[in-house]
Amino acid sequence: LSAAFLSAAELARAYAQRRLSPVEVTREMLGRIERLDPELRAFITVTPDRAMEQAKAAEAALARGSQHPLCGVPVGIKDLFDVAGVRCTAGSRILADHIADRDAFVVGRLFAAGAVSLGKQNLHEFAYGLTNTNDHWGACRNPWDRERVSGGSSGGAAAALAAGLCTLALGTDTGGSIRIPASACGIVGLKPTYGMVSRRGAFPLSWSLDHVGPMARTVEDVATLFSWIAVPDSEDPWCVASEERAADASADLRMDVRGLRIGMPGTPFTEAIDSEVARAIESAVAVLEALGARRVALDTRALASAYTAVHAIVASEAGAIHERWLRERPQDYGVPIRQSLSYGFQVSGVDYVNARREQARAILALEGLFEQVDVMITATLPRTALPIGEPTPREPATAWNRLVSPFNLTGSPALSLPCGFDAAGLPIGMQIVGRAFDERTVLQVGAAYERETSWNQRRPPGLDEVRSAAVDV
Amino acid sequence: VSQPSELREDLLRRARARGLEIDDIAEALEPGVASLRARLRVLADELRPDDTPPPDRREPPRSS
């Protein structure tokens with residue numbers, strides 16, 4: 001029995017029935033990484049010795065009767081999170097030799113459950129970018145078409161999940177960085193409500209917009225990981241998680257969606273969407289309607305400036321974080337991220353405050369919309385995975401992340417899950433957005449859709465023929 | 001390389017004021033910065049003095 005594409009829930013059952021063991025599963029995953037990752041570049045640092053130690057510990061815990069759903073489950077950790085004793089590069093040259101001395105909060109939660117860390121996963125440099133074409137650690141390739149980007153910034157996590165190189169992963173999302181690669185690689189990713197998951201030990205990009213969240217191949221697995229990491233952290237002053245909310249998140253996964261109201265946004269979420277993507281979203285909503293949900297048209301013009309506000313806030317806050325290094329070590333940054341960071345020094349303090357005021361306006365506007373509906377559905381990306389090397393525009397009419405970044409501004413929970421494929425065989429993602437702290441309904445709708453469809457059962461072609469030779473950056 | 005524009009001179013001046021050298025990327029930055037500044041001016045005109053102040057993000061969003 002191969003464990004490569006089993007879900008965490010299936011693994012837990014297989015462990016309970018003694019059909020698989022964490023040691024053999026970890027060994028299989030490490031073998032796949034060794035064989036496939038030289039081309040995919042989903043990992044920056046693989047930690048095989050540590051993984052085998054954790055797998056043996058998990059095996060012993062299971063033998064003692066542990067029934068934790070994450071015990072012995074192989075996970076990947078975005079290389080933005082600290083793992084004690086392991087280098088944490090943030091995808092940069094600047095931190096290439098930085099060894100963390102303490103686990104990030106969410107990493108500690110994983111280890112407390114008995115999860116097995118396979119290593120640190122590739123990302124766009126300092127998480128500031130949408131493609132994961134990393135100048136220092138290699139472009140992370142999309143398993144569905146290796147000439148395309150994985151999406152970013154949590155691209156290593158998404159590519160590894162799509163290729164069966166891990167079962168669960170941790171990502172971060174400041175302007176779409178969980179949902180973009182989830183959509184591009186055909187997996188599931190949840191950006192929780194702002195503050196629901198501690199960010200302690202994750203290198204920051206923009207304090208006002210950074211979110212930590214789970215990634216997996218099924219909605220159920222995402223819900224399980226979310227419930228485990230979305231707990232209070234007294235050392236993170238922005239963390240507003242509660243044990244009750246975390247436990248509630250998975251409560252309705254098996255409920256139907258009869259009577260739920262699905263908001264269909266207008267401008268700025270409907271312009272210039274690729275026709276195949278638009279058709280897939282329409283079909284997905286039709287599936288939910290057939291299950292008894294009701295479609296409601298929404299006037300979303302109040303979110304028209306959200307993308308601009310996100311750009312100004314991220315650039316300003318990231319500029320503040322990086323100013324000293326930009327002055328002292330500019331040559332150690334890739335050119336694209338130097339450009340991104342330089343925007344922060346070209347807007348004024350007044351601009352930044354106005355962008356934050358727009359954030360407050362957007363939060364209020366969205367609250368009003370959620371009086372009319374239970375969730376809102378959009379495409380995650382206006383078009384499928386881009387060819388490696390294609391520039392990503394920053395204009396609100398054409399930006400690749402323009403459908404996802406508004407919900408970083410509002411702090412709303414937002415899930416991306418597969419809802420089809422284009423003619424080139426590339427995955428299409430659907431975004432389900434909910435009220436603040438209502439991950440429960442978002443996950444309920446996602447799970448209901450997933451039960452009715454089989455998109456997440458497809459696997460990238462030719463994984464067994466991937467060359468083992470390294471590919472130059 | 002095109003002649004430095006007024007905008008590019010401004011980009012360079014602002015960067016240098018912070019001790020940053022961006023001569024090699026200033027030309028590429030120009031159109032994006034011009035667009036962002038223009039959109040932020042529109043936003044500034046839209047906001048009213050009595051509009052909500054920035055959120056205190058340590059607090060849960062109101063609908064919690």
Side-chain angles (χ1 to χ4, degrees), chain A residues 193-196 207-209 237-240 245 304-305 307-309 311-313 315 319 323-324 326-328 330 335-336 338-343 345-348 350-364 366-367 370-371 393-396 410-412 435-438, chain B:
Chain A
T193 305
Y194 183 86
M196 268 300 278
W207 301 284
S208 300
L209 304 171
W238 285 273
C239 183
V240 292
R245 281 193 188 123
S305 294
Y307 174 85
T308 294
H311 190 175
I313 293 169
E323 179 172 2
R324 184 172 169 184
L326 280 170
R327 202 166 46 232
E328 296 176 353
V335 168
R338 267 189 70 221
Q339 288 186 6
S340 299
L341 291 168
S342 294
Y343 277 85
F345 302 93
Q346 302 298 337
V347 297
S348 69
V350 171
D351 291 331
Y352 174 77
V353 171
N354 281 337
R356 295 294 309 278
R357 294 170 75 201
E358 178 61 15
Q359 183 173 27
R361 267 205 328 187
I363 289 169
L364 289 172
L366 199 61
E367 281 180 15
F370 276 118
E371 288 174 8
R394 297 175 195 273
E395 294 302 303
T410 61
S412 321
R435 294 183 187 91
F437 299 105
D438 193 13
Chain B
V1 179
S2 63
Q3 287 299 307
S5 66
E6 197 173 314
L7 173 59
R8 201 181 319 161
E9 294 293 350
D10 181 54
L11 303 189
L12 292 167
R13 184 179 50 75
R14 286 187 192 225
R16 284 177 189 143
R18 315 280 316 188
L20 306 174
E21 292 295 336
I22 60 165
D23 297 64
D24 58 325
I25 56 173
E27 185 177 0
L29 274 177
E30 268 187 69
V33 170
S35 167
L36 179 60
R37 286 184 184 170
R39 283 182 276 121
L40 287 168
R41 273 196 300 275
V42 170
L43 177 59
D45 289 342
E46 283 175 8
L47 289 163
R48 298 187 308 269
D50 59 348
D51 262 333
T52 315
D56 180 349
R57 307 242 46 193
R58 286 171 298 177
E59 297 298 322
R62 284 155 38 111
S63 60
S64 65

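Sequence lines set the chain letters: A, B, ... in the order given, protein chains first and strands last, and positions in each chain run from 1. Any value given below was found using the heavy atoms of this structure, including those in side chains, with hydrogens, waters and symmetry copies removed.
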Salt-bridge criterion met for E323(A) and R327(A) (N-O under 4.0 Å): yes
Using the test ring pair (Phe, Tyr, Trp, His ring centres under 6.0 Å), find all partners of Y343(A) that sit at least two apart in sequence or belong to another chain. H311(A)
Cut-off 4.5 Å, heavy atoms of chain B, and the answer for T308(A) is both
Proximity breakdown for Y307(A) and chain B, heavy-atom pairs closer than 4.5 Å: side chain
Among the listed options D10(B), I22(B), D51(B), V42(B), the residue most often paired with chain A at heavy-atom distances under 4.5 Å: D51(B)
When you compare the side chain of R39(B) with that of E395(A), does any pair of heavy atoms fall below 4.5 Å? yes
Counting heavy-atom pairs under 4.5 Å with chain A, the top scorer among E46(B), R18(B), R41(B) is R18(B)
Could you tell me whether the side chains of S208(A) and Q359(A) share a donor-acceptor contact shorter than 3.5 Å? no
Under 4.5 Å from a heavy atom of chain A, the part of E21(B) involved: backbone
Chain A contact via L29(B) - side chain, backbone, both or neither, heavy atoms under 4.5 Å: both
To the nearest 0.5 Å, what is the distance between CD1 (I313(A)) and CG (N354(A))? 10.5 Å
Could you verify whether a donor N or O on one side chain and an acceptor N or O on the other, from R394(A) and S35(B), lie under 3.5 Å apart? no
Of the backbone (N, CA, C, O) and the side chain (C-beta and beyond), which part of R48(B) lies under 4.5 Å from a heavy atom of chain A, both, or neither? backbone
Relative to chain A, which segment of R37(B) carries a heavy atom at a distance below 4.5 Å: side chain, backbone, both, or neither? side chain
